[in-house]
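Notes to accompany the following structure.
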2 protein chains.
Amino acid sequence: MTTRRGLLAATALSSLLPRQGRAQGQAQGQAQNAAPTPAAPAPELLVEKKVFEFANYRTRGGANLAAGRIGYQTAGTLNAAGDNAVLIEHFFTGNSHAFGRYAAGEAPGYWDAIIGPGKPIDTNRFFVVAADCLANLNVRDARTITTGPASVNPATGRPYGMDFPVVSIRDFVEVQKLLLESLGVKKLALVAGGSMGSLQVVEWAAAYPEWVERAMPAIGTGEIDAWMLGWLDIWEAPIRMDPNWRNGEYYAQGRQPPLQGLTEALRIVTLHSRDRAWAREFGRRPVEGQDPARRIGDRFAVEQWLEDAAAARARVSDANSFLYLTRANQLFLNEYDSTEAALSRSRARWLLLPSVHDRVFPVEYGRELAETLRRLNRPVEVVELKGPLGHLEGVVGIAQAADAIRALLAH
Amino acid sequence: MTTRRGLLAATALSSLLPRQGRAQGQAQGQAQNAAPTPAAPAPELLVEKKVFEFANYRTRGGANLAAGRIGYQTAGTLNAAGDNAVLIEHFFTGNSHAFGRYAAGEAPGYWDAIIGPGKPIDTNRFFVVAADCLANLNVRDARTITTGPASVNPATGRPYGMDFPVVSIRDFVEVQKLLLESLGVKKLALVAGGSMGSLQVVEWAAAYPEWVERAMPAIGTGEIDAWMLGWLDIWEAPIRMDPNWRNGEYYAQGRQPPLQGLTEALRIVTLHSRDRAWAREFGRRPVEGQDPARRIGDRFAVEQWLEDAAAARARVSDANSFLYLTRANQLFLNEYDSTEAALSRSRARWLLLPSVHDRVFPVEYGRELAETLRRLNRPVEVVELKGPLGHLEGVVGIAQAADAIRALLAH
């Protein structure tokens, strides 16, 4: 139970706040099993948040972005051939902070367990890049840099709001390609990412097969089908319902953002991304002092936890960006006739990491992606992640795949 | 494709409107395969909606209902011993209309495929009863009779609203027992129901083991764990968010009910109750004339369908009743230390009908219920339902279990 409780506490925020990794919780867990003499602390990988600016980007939907910027971070050194680069793609609520720390003692990135000196994605060998996506959710987070509906529209001097053009996962890829080219990258030894990151991995492999040597989609899917289109719509509906949303016009002075709707949207994401084994921790106990069997307004502890976790997340997030992100996810592979048509373009070697208790992208979607790749005679390995967190195992449980990642990168 | 399309059309409303069964769709499907000479029409089972009134009911939470009423319907004849009764329990959005038609040519009940003269639950042999639950959702449906938050509080002369006492699945059982006793029933040859109905089946078998000879929970679970507590809370949250909800005080003249919130809540239930194979029908096509890749306000066809289906359902439903129903589900088995403690009281023979693609009560919950019963040495058979509708297969696909139900009732 101690381990479970530790896990719960460690993951409460880690899954929600990109800069609060699970590594601390893991370190605690390891410490419990360690020999009495404490090991020397692991050397910390320090990273710096940088800005990439671009101009006159034409979106896949045909709109023009006169100016844009995204944040990014790197570790390791690009070789002369420019072909030892690794690109890490983040999940829906994430940002570029996949590895390292911005300052000694700060929380590490969400995939720090597998990225760093001597780690499976070895920064002594690879030049590792991770960027914030367009319309990134974490608009109020000081270390997230993005262009989206909360950005100022140069044509009006005011935030775009719902005038921001629709962007797709493919747009994320295009802007990342501009960034990589600006850094001198010629080829990606690996593109890897979890959840929404996995969608970007697949789009990369289909759009630029000559760039992508290896592809590692975690907790992924080869399609966003109608069932998932519907779920994404349900995720975002509370925002549109919030009277403070005002069709996205809430940025002006004196207006309240639709915090209630955004919190509710994030509450759905938070529960959907987890599984029953995680929730077991709460049992059926009510909030202390409350009695749901007698008072209709009283609640169970799990309900309150979801509310608090989502409200904390909402404070650094932007509601319109949530809407643009769900749309980007809905548009996954929208420029191809089918998943098979997209994947048939790929020349990569694949490592798939579905999670067996995933409720967002159920494991059969990952298995079908593997089958499609095999049918196309593409090299593919599959490691199924296990653990109580369901979908989130692809983020906080990624160390399970450490050996498979080393094997993928060994040759 | 014709079959799929037919299925979609037939189930579009059937799953949402309790009086619109799938049988018509099935009959059409059968007609396509039939010999040129049309078969004689099946004899129609006609049923009548009746009212059961009760007084001074003390809820399990300790409140007093001075007066109450629920609707019910019966078929077949009770024998002298009073022990040939079958009780059918309805699902979350359902009512007593499980079998028969209220008038010739009208739609049959939702389980009409298995209940009627000569059918697996044979009304020539059994006295079959089905009742509307307390706080039934279908308050604006003329053929649903219930006592809940929309009912007039005799103490004030106005609707209860959120002053209605909390009721639990066990309360549903208690009121049904009063009804059955009023009809002279001494024993239940079978208690059967799907989804929320399955919870009532389990509560019956635990509370009154001497009454229940056979128990048939379909698309069921042996527990509402924290993960499900959380989902039920997410189902209802849009109602609480709707400014028209006003803490449940929307019944007064001139006030608008929280239709938008109720529609959104029902939209979640509608998608959650289905599965990806159902959604495949829609593909990724947009609403006609719309372009989600270019306009953020444009939508996919599946989104529009869910909206329309849920809005139709909302028009006959009551938002406060939705809140009381979710709470009743959350309180499943709340008077027992554990599922095992509850089931150890049962003396019934069990037939479990989980659905393999169920997303509401995932199939492993049904399998665990079976394991628990086996561990307790209770006789249990399991038939796993298949089909594109996921959870809803337990309603519209129940004919899959016809042989197993006949076997259960054969001795």
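So that the names make sense, note that chain A is the first sequence line, chain B the second, and so on, each numbered from 1.
When A:V167, A:D275, A:D291 are compared by the number of non-hydrogen pairs under 4.5 Å with chain B, A:D275 comes out ahead. Per-residue counts of heavy-atom pairs under 4.5 Å with chain B were compared for A:I224, A:N247, A:T59, A:D242; the largest is that of A:I224. With chain A as the partner, the residue from B:R294, B:E303, B:R276, B:R359 showing the most heavy-atom pairs under 4.5 Å is B:R276. Options A:V302, A:L323, A:L306 differ in how many heavy-atom pairs under 4.5 Å they form with chain B, and the most are formed by A:V302. Put simply, of B:Q330, B:E264, B:R240, B:Q260, the one with the most heavy-atom pairs under 4.5 Å next to chain A is B:Q330. Counting heavy-atom pairs under 4.5 Å between each of B:M228, B:R60, B:R267 and chain A puts B:R267 at the top. Per-residue counts of heavy-atom pairs under 4.5 Å with chain A were compared for B:P165, B:G297, B:A279, B:P292; the largest is that of B:P292. Note: A:H272 leads A:H272, A:E364, A:M162 in heavy-atom pairs under 4.5 Å with chain B.
With respect to B:E371 and B:R367, no salt bridge is recorded, no charged nitrogen being found less than 4.0 Å from a carboxylate O.
Here B:W305 and B:W278 bring their ring centres to under 6.0 angstrom of each other. Proximity of the aromatic rings of B:Y324 and B:F164 is defined here by a centroid distance below 6.0 angstrom, and this criterion is met.
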Step-by-step side chain to side chain donor-acceptor pair (under 3.5 Å) determination, B:T339 to B:E223: CA-CA 6 Å; B:T339 298; B:E223 60 172 337; 5.2 Å; no
Please test B:T221 against B:V360 for side-chain contact (heavy atoms from CB on, under 4.5 Å), starting from the C-alpha separation and ending with a verdict. CA-CA 10 Å; B:T221 174; B:V360 178; over 6 Å; no
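A:N320 and A:Y251 are linked by a side-chain donor-acceptor pair at a separation below 3.5 angstrom, with hydrogens and angles left out of the test. Looking at A:D358 and A:S355, their side chains never bring a donor and an acceptor atom within 3.5 Å of each other. Donor-acceptor pairing under 3.5 Å is recorded for the side chains of A:D225 and A:Y365.
Atom CG of B:L134 is separated from atom CG of B:D171 by 6.5 Å, given to the nearest 0.5 angstrom.
Using a 4.5 Å cut-off between heavy atoms, A:R284 touches chain B through backbone and side chain atoms alike. Contact annotation for A:I234: both backbone and side-chain heavy atoms come within less than 4.5 Å of a heavy atom of chain B.
B:P258 and B:A319 get closest at one heavy-atom pair: CG-CB, 3.5 Å.
Heavy-atom neighbours of chain B within the stretch residues 331-338 of chain A, taken at a separation under 4.5 angstrom, comprise A:L331, A:F332, A:N334.
Within the 4.5 Å cutoff, no side-chain heavy atoms of A:E307 are placed close to those of B:D233.
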